[in-house]
Number of protein chains: 2
Amino acid sequence: MGKEVKILVVDDEERIRRLLKMYLSREEYKIEEAEDGNEALAKALENEYDVILLDLMMPGKDGLEVCRELREKKATPVIMLTAKGEEVNRVQGFEAGTDDYIVKPFSPREVVLRVKAILRRASQTSYLQTEPTTKDVLVFPHLTIDHDAHKVTADGKEVNLTPKEYELLYYLAKAPDKVFEREQLLKEVWQYEFFGDLRTVDTHVKRLREKLNKASEFAARMIVTVWGVGYKFEVVNE
Amino acid sequence: MGKEVKILVVDDEERIRRLLKMYLSREEYKIEEAEDGNEALAKALENEYDVILLDLMMPGKDGLEVCRELREKKATPVIMLTAKGEEVNRVQGFEAGTDDYIVKPFSPREVVLRVKAILRRASQTSYLQTEPTTKDVLVFPHLTIDHDAHKVTADGKEVNLTPKEYELLYYLAKAPDKVFEREQLLKEVWQYEFFGDLRTVDTHVKRLREKLNKASEFAARMIVTVWGVGYKFEVVNE
DNA sequence: TTAAAAGTGTCAATAATTTGACAAAGTAAC
DNA sequence: GTTACTTTGTCAAATTATTGACACTTTTAA
């Protein structure tokens, strides 16, 4: 339902573009890319994007400049990507017409949250706001993940998860039945510059299962180990 | 119950319209927008609004002029938005038919309070005021927030809150269960040009909990920390 | 039975929150 | 106006919770 959401991702590093694309694709957004300021500006002016993710530091035209020039013609929401220490003056960014910031290295959750926040705001600006913005709640037998409230419930009982546990569960549950290798989970649930021990994933899975199990053994069993490959979320039929 | 309240928001800056809309939508008003004087006048004449929020400085026809022309046909209440330093002669404004002023940058509370004041005045002017204006009171177990009286009661005892504390509580309590990031709270509870320290939110939460706790430990526990994300208001089941 | 893979418990390192103290800004009372 | 009082925002400990690593145990599949 609702029309397709189009996002433009601008960064000179191919790796960053790929990561952003990966995170955002999971939310069913359509992603396009640009690798420098001029290309970004050209695309942004020609097309109608719902959000633009814009790197601050780029060879040639930098993010602020692109934003400023874009603003002369269009109001497309812009989220600026800044590296730590690159600390833009918020007021400066604000004057250029930036809507929000994300500091690198970012985590998937952060990116997705920000994009959603922007989209929500934008949709509220639309003339008639009759329909309530669709709630983001995953409901399975024995387990409910309410992403707005950031709350997990198993067999009626609330399960208190730490951020990483929550993210891990949410990530897996968003694609039931799909197996993820530990490497991939580390890349996508953790920040993108994290090169940690693969066993770390196991530890978190363990803690997650533990907590789920206290509330519902069925919920705990939904985190399934795929031997030799990784983990997946599978709905229990009971 | 009660008829819908329709408000027209007029400002050439999209951001300001969005902010006003955000604040006022939470009060269940229906908001329409106009981005310049002519559009405003056309809409104001065609429709029946309960209040018009009108920016003073706009390219083309300015706020005073719109107000003056509107007054030749209609008595719709007008609240003028003026930037600091832009200090209109109040007499001039009243001659044009302005009902009230708000100085930018404004805070949500200010906007909502003024609008409510105007609506109250308007409804009292009406001939027979039989229907009680719908009361704005949030009632939870152990906690009641009477927004009309601007009064908070926890387990029967009145809790004395400062404006910011009150606004923070009210904002959270208006959307139970929904998690808000500190950034968002700063953006929406504080004035819109405030770029303060995120920890400021924590301090206010602390003071709020402190005061609530003196009256009712259950009420205090309703302000819930969501680790790594932000805060939410959650009803305690006890 | 064995090698590889997964699960577990512990601990130190990190990270986020809470808190208290203080200064600045704003208000009210005189 | 000036003074006293309140509210507000910042900052930097102190506290608390999360996290990552690693060694060790258990399970699995061949």
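Lettering follows sequence order; numbering is per chain, from 1.
- Although no hydrogens or angles enter the test, the distance criterion places a donor-acceptor pair under 3.5 Å between the side chain of B:Asp99 and the main chain of B:Val78.
- Checked for salt-bridge contact, B:Glu183 and A:Arg114 meet the test: a charged N lies under 4.0 Å from a carboxylate O.
- Counting non-hydrogen atoms under 4.0 angstrom, A:Tyr166 reaches nothing in the nucleic acid.
- One interatomic measurement links the two molecules: CG of A:Asp197 to C1' of D:dA23, which rounds to 11 Å at whole-angstrom precision.
- Residue contacts for B:Arg199: at a heavy-atom cut-off of 4.0 Å it reaches a base atom on one of the strands shown.
- An OP1 or OP2 oxygen of D:dT10 is reached within less than 4.0 angstrom by a side-chain nitrogen or oxygen of B:Thr200.
- Between the A:Arg182 side chain and the A:Asp202 main chain, no donor and acceptor come within less than 3.5 Å of each other.
- One cannot find a donor-acceptor pair under 3.5 Å joining the base of C:dG7 and the side-chain atoms of A:Arg207.
- The phosphate of D:dT6 (OP1 or OP2) has no side-chain N or O of B:Thr162 nearer than 4.0 angstrom.
- With distances taken from any side-chain atom of B:Pro163 to the nucleotides D:dT7, C:dT19, C:dG7, the minimum falls on D:dT7.
- Using modelled atom types and a 3.5 Å distance limit, the side chains of B:His147 and B:Tyr166 yield a donor-acceptor pair.
- B:Leu161 places its CG atom 15 Å from the P atom of D:dT6, with the value rounded to the nearest Å.
- As judged by a 4.0 angstrom heavy-atom cut-off over every strand, B:Thr225 is placed among residues touching the sugar-phosphate backbone only.
- Within a 6.0 Å sphere centred on NZ of B:Lys174, heavy atoms belonging to other residues, nucleotides or ligands number more than 12.
- Between the C1' atom of D:dT8 and the NZ atom of B:Lys211 lies a distance of 11 Å, rounded to the nearest Å.
- Remark: P of D:dG9 and CG of B:Leu168 are 11 Å apart, rounded to the nearest angstrom.
- Mapped onto DNA chain D by nearest heavy atom, A:Glu167 and A:Trp227 fall at different nucleotides, with A:Glu167 at the one closer to the 5' end.
- B:Asp202 comes within 4.0 angstrom of a base, heavy atoms only.
- Here C:dA6 presents its P atom at 16 Å from CD1 of A:Ile223, a figure rounded to the nearest Å.
- Mapped onto DNA chain C by nearest heavy atom, A:Glu210 and A:Val229 fall at different nucleotides, with A:Val229 at the one closer to the 5' end.
- Base contact: A:Lys206 has a heavy atom under 4.0 Å from a base atom.
- Rounded to a whole Å, the NE2 atom of B:His204 is 16 Å from the C1' atom of C:dT17.
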